[in-house]
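One-based numbering, in listed order, for ligands and for the atoms of each. Atom set for the values below is all heavy atoms of this structure, side chains included, hydrogens, waters and symmetry mates excluded.
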Amino acid sequence: MIVLKFGGTSLESVDSIKEVKEVITSKSGGRIVVVSAIGKTTNELQHMAELARAGDTQYISVYEQLHDQHAAIISSLLDISFHEKIEAIFKQLRRVCDGVFLLKELTKRSLDFILSAGELLSSNIIASYLKKEGEQVNLLDSRAFIKTDDSFGGAVVDFHTSNGLLKQALETSSEVTVMGGFISSAPNGESTTLGRGGSDYTASIVAAALDAEILEIWTDVDGLMTADPRMVKHAQVIDEITYEEAIELSHFGAKVLYSPSLKPCFEKDIPIRIKNTFNKQTEGTLVSSGTDDDQLVKGITSLQNVSLISLSGTGLLSIPKFTKDFFATLAQHNLGVEFITQSNAEHTITIGLASEDAECAYHVLTKNFESHIADGLIDPIGIERDLSILALVGKNMKNQVGVSGNMFHVLGRNGVSIKAISQGSSERNISAIVKKADLSKSLNVLHEAFFQYEVKRVNLFIVGVGNVGKAFLEQLRTQSFILREEHRISIKLTGVANSQKMTLDEEGISLDKWKDKLDAGDDFDPKRFQHKIIELNLRNSIFIDITAAKAIADLYPDFLQKSISVVTPNKIAATESFISYQNLKQTTRRYSSQFLIETNVCAGLPVLSTLSDVVRSGDHVHQIEAVLSGTLNFLFNEYDGSRNFVDVIKQAKEEGYTEPDPRMDLSCEDVKRKLLILIRESGYSFEMNEIALEAFMPSSCQNTTSMEEFYKQVEKQEDYFKELYQKSKENGTRLKVVAIFKDGKATVKLSEIRTEHPFYHLEGKDNIVLFFTDRYKEQPLVIKGAGAGAAVTASGIFADVLRLSQPES
Ligand code: ADP
Ligand code: ASP
Ligand code: MG
């Protein structure tokens, strides 16, 4: 004997009912078929009943819609336009609804009567259809076999009586028996129901009563999955799971199985297989008592609408009765508690309930403790709304330390604050309460962390698509396949903006078409762009600023506070006052975000990451000597008096070696900023105005108001530049702008470098940095290489993005 249960999702249409028939007829021997109501019929019946109670005549159109839907299925499947039994069920349903409408009263008892129509209809239709197709079919009214008490809406099964009745009727049956799930009857014969989703329960009760070989639950997904597939796109089918794990998963929201339904089969050790009606050949999920897999976390599950209720006050410490009363009140009103935590000092009890239950709990508790609240022994009852519970489930978690630590680390890094935590006494479940708005992000990020064979998704938001920005997007485009296939990282461009336009797409913007998408985007506004990014609330979000604009740098603190990391070559934020630099750093620590500015100094060269390793490993930097401007190095290497200095500047700008405004380079302002960052990242408190600058530009060139004027002035000063060059040539030296930090003092100046100095052979637009530290005393730590250019800067940004994208980061 086997039991097959088909849910509403498998009975939604004529075509799906045909699939159901395929499943049933592909098997032989005694088969008990338990069916739910067709599609969403139960929801519609409930809706209809509530309209009638509210005195809204719309209930009639809902009724007619349901009638027509069923009539259409019957006419297609059975080739008849009138089905006596079905019409009789509808007639009775209509009479009861008219009664509800007239009285404006809907009791749990009448609601159960109304809801039970769904399964009565579906079981009649399926049985008639199977008969028409030539099967020997026995149709049972489940209400005559599943007996319960009279707690309508979620009746308690009388197993003794039900098992006896089921055995008597079905034990020796060798044909197909069809019965409706979910419905049952009280001792006096009135219709009761087993709670929403209860057809699974009916099937399990029948399977256990008859010692079935197996219970197959046929639905519209490939099995029980590692997470709700509607919330987590990458959820995977679980091949095998124990009863206990499945109970935990379904208790906290895995809708595919109704939680109580597992118990009867569990007690009899009857295996349950969950399979997909629309994808029959897949194996599905086997729920049984013994699996010896070593998977740590089996699944992640959640309840979306939850509120926290808290009871606190000094009275709780001294008067134990309060705690007892608290729980007794909840039990009295039939309010299911999903989650309990108690603070160490027993000063506060916090419970989580489904939101509707919580509203009721709040009122009854406030009323119950009214006098103690008035005399100050108990604080007013607390309620916090718009929350969700999520839970990690797995039997092997108890053998492994650090699962909860990792869970909270992963959530924290994504800016999810946890309101409460509870570890089930079975240690098969760790649950946490988070804000409802953070649920989707939390589930996805945990899924990535605990099912690591899957690809980690990273979301990039970029402002600035000039030379460097374009080069970065191109590198990303060419690398994305390898990143995905070999490193399991999927980096998506989720938002992009320039000074004119902005566009965002949660699904990711094509790296081939980003430009068209951007051109068609909205007008750019930094604050609005930021607001949209924060509102999307996506996991692993990174903001990349490839501009030199202060308005963009001003956005960083808000991003960092939302745990969105920032990557940027823009030096403005890191070179403002030391206090604001420190504040940024503190924000990153507090909100588990990162501020990565490798490309602030020497483009893509790993200067700051090396410096950070040096400092973190306990070394001390005493002295820094560096050539930090690729632009200036290029100018003085190229310029030999044969063409005008201004033309060399123009060439550098065209080739992308300068700042957007080359005056930043020529005034040495840019070098000062880089030196300041090196000093600060070495651990010193330092300000921009403490750096002494020996400017080499004549003042007429420095104080210009436009680029044209600047170029004009430089041209006028050609003799001055020629003289600088000639003098150095005669001395056998080369000109370099050198940045030095020594004995707590910092200077930037144009120097003549002798042949024996390590800087002498610095070619093209190269940079060099020497760090003298405790450990690198005689021979400094040297980093040298290309220090300017779109491609190298872009690859430095890429390196920072990858640093943030590693699974362990
Ligand atoms: P049925 O009508 O077959 O009883 P349900 O709608 O009650 O179907 O349950 C199936 C649905 O449960 C799936 O379509 C899926 O969206 C949802 N679901 C939620 N969590 C899970 C999970 N962890 N695994 C599988 N399905 C899940
Ligand atoms: N039809 C009922 C419901 O929708 C029972 C079930 O589908 O399991 O809740
Ligand atoms: Mg269901």
Side-chain angles (χ1 to χ4, degrees), residues 4-13 16-17 19-20 23 34-47 66 111-112 114-123 142 146 153-155 179-184 191-205 216-239 241 245-262 272 274-279 282 284-285 287 297-304 390-394 439 443 446-447 451:
L4 307 162
K5 179 258 170 176
F6 296 91
T9 52
S10 299
L11 302 166
E12 215 146 24
S13 64
S16 54
I17 295 175
E19 298 289 342
V20 166
V23 175
V34 176
V35 292
S36 294
I38 283 172
K40 304 246 177 312
T41 301
T42 315
N43 288 354
E44 290 301 308
L45 289 168
Q46 173 129 18
H47 180 49
L66 274 171
L111 182 62
D112 266 3
I114 291 171
L115 295 188
S116 64
E119 270 71 7
L120 287 177
L121 291 167
S122 63
S123 53
S142 301
I146 311 283
M179 51 195 294
F182 177 57
I183 55 177
S184 43
S191 297
T192 54
T193 63
L194 302 177
R196 293 303 308 271
S199 294
D200 297 327
Y201 194 21
T202 308
S204 177
I205 295 166
E216 292 185 355
I217 293 189
W218 291 81
T219 182
D220 66 341
V221 281
D222 283 348
L224 190 55
M225 306 185 83
T226 49
D228 184 342
R230 291 163 301 183
M231 308 276 285
V232 177
K233 222 161 105 190
H234 298 289
Q236 299 138 10
V237 174
I238 302 168
D239 297 332
I241 191 165
E245 287 172 321
I247 287 171
E248 302 271 2
L249 267 184
S250 52
H251 174 71
F252 276 130
K255 184 179 174 234
V256 66
L257 266 188
Y258 177 56
S259 169
S261 68
L262 288 140
I272 303 175
I274 301 162
K275 287 189 64 109
N276 190 345
T277 307
F278 309 101
N279 193 11
T282 55
T285 300
V287 187
V297 178
K298 263 300 173 50
I300 306 170
T301 180
S302 63
L303 286 180
Q304 262 189 56
L390 56 85
L392 297 187
V393 173
L439 180 63
L443 290 173
L446 287 171
H447 199 264
F451 297 91

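Of the protein's non-hydrogen atoms, the one nearest atom 16 (O) of ligand 1 is Arg230 NE, 3.1 Å. Nearest protein neighbour of atom 6 (C) of ligand 2, counting heavy atoms only, is Ser199 OG, 3.4 Å. Ranking the protein heavy atoms by distance from atom 24 (N) of ligand 1 puts Met225 N, 2.9 Å first. In this structure, atom 1 (P) of ligand 1 lies nearest to the protein heavy atom Thr9 OG1, 3.4 Å. Protein heavy atom closest to atom 27 (C) of ligand 1, with residue, atom name and distance, is Pro229 CD, 3.6 Å. Nearest non-hydrogen protein atom to atom 8 (O) of ligand 1 is Thr219 OG1, 3.4 Å. Distance from atom 6 (O) of ligand 1 to its nearest protein heavy atom, with residue and atom name: Lys255 NZ, 2.7 Å.
Of all the heavy atoms of Ser36, the ones lying under 4.0 Å from any atom of ligand 2 belong exclusively to the side chain. Heavy atoms of Val256 found under 4.0 angstrom from ligand 1 belong to the backbone as well as the side chain. By the criterion of a heavy-atom distance under 4.0 Å, neither the backbone nor the side chain of Met231 is placed next to ligand 1. Contacts with ligand 1 closer than 4.0 Å are made by side-chain heavy atoms of Asp220 only, the backbone lying farther away.
Within the 4.0 Å heavy-atom shell around ligand 1 one finds Gly223. For the pair Lys5 and ligand 1, a heavy-atom separation below 4.0 Å is found. The shortest separation from a heavy atom of Gly198 to ligand 2 is under 4.0 Å, placing the residue in contact. Within the structure, ligand 2 has Gly197 among the residues with a heavy atom less than 4.0 angstrom away. Contact annotation: Gly299 has no heavy atom less than 4.0 Å from any atom of ligand 1. Heavy atoms of Ala227 come nearer than 4.0 angstrom to ligand 1 in at least one pair. Under the 4.0 angstrom criterion for non-hydrogen atoms, Glu119 is in contact with ligand 2.
Within ligand 2, counting atoms from 1 as listed, the ones closer than 4.0 Å to a heavy atom of Arg196 are 3 (C), 4 (O), 9 (O). Every atom of ligand 1 is numbered from 1 in the order shown, and the set under 4.0 Å from a heavy atom of Gly8 is 2 (O). Within the listing of ligand 2, atoms 1 (N), 2 (C), 3 (C), 4 (O) sit less than 4.0 angstrom from a heavy atom of Thr42.
The distance from atom OH of Tyr258 to atom OG of Ser36, rounded to the nearest 0.5 Å, is 12.0 Å.
At a cut-off of 3.5 Å, with distance as the only test, a side-chain donor of Asp112 or Thr193 sits close to an acceptor on the other residue. Side-chain atoms of Ser16 and Ser13 form a donor-acceptor pair, as typed in the model, at a separation below 3.5 Å. For the residue pair Ser204 and Ser261, no side-chain donor N or O sits within less than 3.5 Å of a side-chain acceptor on the partner.
Nearest to atom 18 (N) of ligand 1 by heavy-atom distance, out of Ile238, Val232, Ile300, Asp228, is Asp228.
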